[in-house]
K.L.:
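First the structure, then my questions, so here it is.
Below, chain A is the first sequence line, B the second, and so on; all start at residue 1. Note that these values count all heavy atoms, side chains included, but never hydrogens, waters or copies made by symmetry.
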Amino acid sequence: KAGVTQTPRYLIKTRGQQVTLSCSPISGHRSVSWYQQTPGQGLQFLFEYFSETQRNKGNFPGRFSGRQFSNSRSEMNVSTLELGDSALYLCASSPSHGNTIYFGEGSWLTVV
Amino acid sequence: QQQVKQSPQSLIVQKGGISIINCAYENTAFDYFPWYQQFPGKGPALLIAIRPDVSEKKEGRFTISFNKSAKQFSLHIMDSQPGDSATYFCAASVDSNYQLIWGAGTKLIIKP
């Protein structure tokens, strides 16, 4: 079974631009969650989607948004990028029930 | 109430020694306690998990000890190896909520 796939793996953006990151969950998984991880920092929860509905949301500004499609694939968008948005963005998927989540390898975003 | 406090922040252990990482929580409704392992440049991966109906769970060299009355759980790595050098995250959740609450992480270094 293929794991969680995130694209792109690496990207560099300029301050003020916007970025869209993509996540394909494990086949059959209906929940997708997103995390931000900065160097030396823990996992900061962004949001979680289940069946195209945002089920939980972390404490991030409105510049961070996401969505989930009917095939469970998810995207997150960050608008008006700031230098502090430079981070590893991790996507994780899980089955419809149960708490075990499976992470992708992440998308490294650098804002210059 | 929703926090999970993880310690230590970093840990250096000699090869062959025992690595111990501790987590404490306040929310008595938590009923699922996983540990995740993250290598540099990779997403976290589930290592081992426990539910409060047992006090200990062992998988190979990795053991979770759970103390319900003290609201603490810990990860023990026996015969620690250089390949165990990674960042370890504890987490907790309420089964019906699906959202994991994460500890801040412990960077473990095993010296050869």
K.L.:
Under 3.5 Å, is there a donor on one side chain and an acceptor on the other for A:Thr100 and B:Tyr32?
P.N.:
yes

K.L.:
Heavy-atom distance under 4.5 Å to chain B: side chain of A:Gln37, backbone, both or neither?
P.N.:
side chain

K.L.:
Less than 4.5 Å to any heavy atom of chain B: does that hold for the side chain of A:Leu90, its backbone, both, or neither?
P.N.:
side chain

K.L.:
Using ring centroids (six-membered ring only for Trp), state whether B:Phe89 and B:Tyr36 fall under 6.0 Å.
P.N.:
no

K.L.:
At a heavy-atom distance under 4.5 Å, which candidate from B:Gly41, B:Pro34, B:Gly43 has the highest pair count against chain A?
P.N.:
B:Gly43

K.L.:
Look up atom CD in A:Glu52 and atom CG in A:Asn71, then write down how far apart they are to the nearest 0.5 Å.
P.N.:
8.5 Å

K.L.:
Counting only heavy atoms closer than 4.5 Å, note whether B:Gln6 contacts chain A via side chain, backbone, both or neither.
P.N.:
neither

K.L.:
Should we count NZ of B:Lys15 as having more than 12 external heavy atoms under 6.0 Å?
P.N.:
no

